[in-house]
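Computed from heavy atoms alone, side chains included, the values below leave out hydrogens, waters and symmetry copies. Everything numeric in this text was worked out from a predicted model, so none of it was measured.
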Amino acid sequence: MRRAYVSLIAAGALAAGTVTGCSSESQVPSIGYAVDSVITTYNGNTAEGAFSAAAQAFPRVLTGFSYTGPQGGTLMDTDYGTASVVPGEALTIQYRLDPAGVYSDGIPTSCEDMALAWAARSGKFTRTNDDGDLVPMFDAASTAGYSDIERVDCQPGSKDAKVVFRPGRGFAEWKSLFGATELLPAHVATRVAGVANIVSVLQSGDNDALGRIADFWNNGWKLTPGPLDLSLLPSSGPYRVESFSAEDGLVLVANERWWGNAPATPRIVLFGRNNDVKAKIEANAVEVLDIGAKSVGDLDLSGFDASNEPSRSSEQLMLATSGVFQSVDARRAFALCVPRKKLFDELGHPDYNRTQGLGSGVLNSRTVQSDTLIYGPVAAAEGGKYSNADVPGSTAALAAAGEQNPTVRIGYTAPDERRAQTVRVITEACRDAGITVQDVSSPQFTPLALRDGQVDALLGGTASVEGPAGSGVNTDALVSLRSGAGINYSKFDNPRYNDLVDQLLTNGAGDVQMRLSSEAEALLWSEMPSIPLFDSPRTFAFAEGLASGVVNPTKAGAGWNMDRWVLKK
């Protein structure tokens, strides 16, 4: 058992106010877990999958060398394997998978899974589309870190791998690579593609074979309620997928082949945004809840230890860079009428008042979190100009843009009462500036609508995620505005910002981070591809008597340690 994992559970369970029931009580064999992301795929690493519940559903199904802990940091998972730096000029990491590691279908884990992750997320492998343009084979949400890897030395079936980074491109947060939910079963992808293994394909340069693997990686792991082909969904963690239905949710059961400590509760049922969370709670089907604060009205959480907490996700408006917002003046005009302070005061800190750090005020940085030492200097750049609605300034910027009475369509996944109220406040504030705001939310909404020009602004969290998002590592926030990234749904493209991101990701020195982050933030306020609002508030609720429930206000969500949950009644 991981020592860090044990200590975090002990401390976090006390913080969450959960206790183990008395000895006369019986353990509940199944625990319901509700989140506010949609369950659509086993692969959360695609541009579409990054918006799904995969990060919350599968951290204990698809394990890796690391996971995101409650404080937002990257913690190593030695159940899966170990990683150590090899001395040398270029950053080189020696990985060793646990010799006992095996998928639930009986196939051993191997470095081939790492080779697939690198191939999919390196951005190195391309093909020509129907328009004659060269595009990536793999529809990856982000290539950060993986694009800096020169090669993955792996022999088919081996438990050892050496990852060599390009000279001068040592990824500062390398421990976050090949983590939970990022390592998918390569043997499934190659079996469907009709090839022996991923390593041979990469070594031979067989683009046709790699293209078939990419097609499956992009689309083959999608999930829809109904009968599942479980042969495509083997597990490398304490739980495996058993079933998925619209009414009964995604059912995870104990993985009999898991080589670590057996899960404390044999069955977890995950309910996503597809389900009526309120109805599930009223039906006593939910014991753990992790949703946006005030997103569901009149929620009765009696019988739960519940709290609202600021998260590491940045509530923000991601703006298109075409259509009504093609002009930077038009984007500035909209930013000037958005009443950010009013939004924070009314919606940004429900039931808590923090004087510093996360959740303590209007968010003035897109890339640096408000509880870091460099946040103050970085956030001081330009954000103060956009705190309150400035109708004259907005009107002047509209005139400079040559826009008259523009209409701004804001999208998000409905229903979400807090975000609906956010749009209503913005609508009222911008009306006086001659800007008409339309709420075009829907239950089927995804960030692809922004990319495809169906909306002008997207209301969501870090990297446009609707549910749990963010971590102590700012990679997602930085990359979401870097050109070429799958999660750059707004298609923002600024060469200087790209260069700053590349430097920030490979140099972790504090003085360098502050200097480059300050320049990056000043550039973003000038170009206005997004409007930061506040640290997204989350509601965490654990059924009274549930042990080891730990608040985790990051992209991993409360389910990061679901295999330790115990409920007695």
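A heavy-atom distance below 4.5 Å is found between the side chains of Trp259 and Thr109. Looking at heavy atoms from C-beta onward, Tyr33 lies in side-chain contact with Val35 at the 4.5 angstrom threshold. Between Ile487 and Phe51 there is no side-chain heavy-atom pair separated by less than 4.5 Å. For the pair Trp174 and Val163, the minimum side-chain heavy-atom distance is 4.5 Å or more. Under the 4.5 Å side-chain criterion, counting only non-hydrogen atoms from C-beta, Val440 is not in contact with Tyr412.
Between Arg419 and Glu315 there is a salt bridge, since at least one side-chain N of the basic residue sits less than 4.0 Å from a carboxylate O of the acidic one. Ionic pairing of Arg538 and Asp36 is present here: one or more N-O contacts between side-chain nitrogen and carboxylate oxygen are shorter than 4.0 angstrom. Note on Lys555 versus Asp476: salt bridge recorded, some NZ/NE/NH1/NH2 to OD/OE distance being below 4.0 Å. A salt bridge links Arg60 and Asp77; the closest N-O separation between the charged side-chain nitrogens and carboxylate oxygens is under 4.0 Å. A salt bridge is defined here as a Lys NZ or Arg NE, NH1 or NH2 lying under 4.0 Å from an Asp or Glu carboxylate O, and Glu150 with Arg169 fails to meet this definition. With respect to the salt-bridge test (charged N to carboxylate O, under 4.0 angstrom), the residues Arg240 and Asp105 do not qualify. Between Arg332 and Asp329 a salt bridge is recorded (basic side-chain N to carboxylate O distance below 4.0 Å).
Atom CD of Gln155 has 12 or fewer neighbouring heavy atoms from other residues, nucleotides or ligands inside a 6.0 Å radius. Within 6.0 Å of NZ in Lys159 there are more than 12 heavy atoms belonging to other residues, nucleotides or ligands.
To the nearest 0.5 Å, atom CG of residue Leu478 and atom CG of residue Asp502 are 10.0 Å apart. For the atom pair Ser480 OG and Met318 CE, the distance stands at 4.5 Å (nearest 0.5 Å). Leu232 contributes atom CG, which lies 9.5 Å from atom CG of Leu223 (distance to the nearest 0.5 angstrom). Here the CG atom belonging to Leu500 is positioned 10.5 Å from the CZ atom belonging to Arg482, to the nearest 0.5 angstrom.
A donor-acceptor pair shorter than 3.5 Å cannot be found between the side chains of Thr41 and Asn43.
Remark: aromatic rings of Phe171 and Phe165 are distant, center separation not under 6.0 Å. Between Phe492 and Phe325, the gap from one ring centroid to the other reaches at least 6.0 Å.
Shortest non-hydrogen contact noted between Leu458 and Pro447 is CD1-CA, 3.3 Å.
Taking the six-membered ring for Trp and thresholds of 30 and 60 degrees, Trp221 and Tyr42 have ring planes inclined between 30 and 60 degrees apart.
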- Item | Leu91 and Val85: CA distance, side-chain angles, deciding distance, side chain to side chain contact (heavy atoms under 4.5 Å, CB included) verdict | CA-CA 7 Å; Leu91 177 64; Val85 176; 4.3 Å; yes
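Looking only at distances, a side-chain donor or acceptor of Asn255 sits under 3.5 Å from a matching main-chain atom of Gly237.
Across Leu270, Leu252, Leu250, a single residue satisfies side-chain contact (heavy atoms from CB on, under 4.5 Å) together with Phe244, and that is Leu250.
Trp525 carries Arg366 over the face of its six-membered ring, with the cationic atom under 6.0 Å from the centre and within 45° of the normal.
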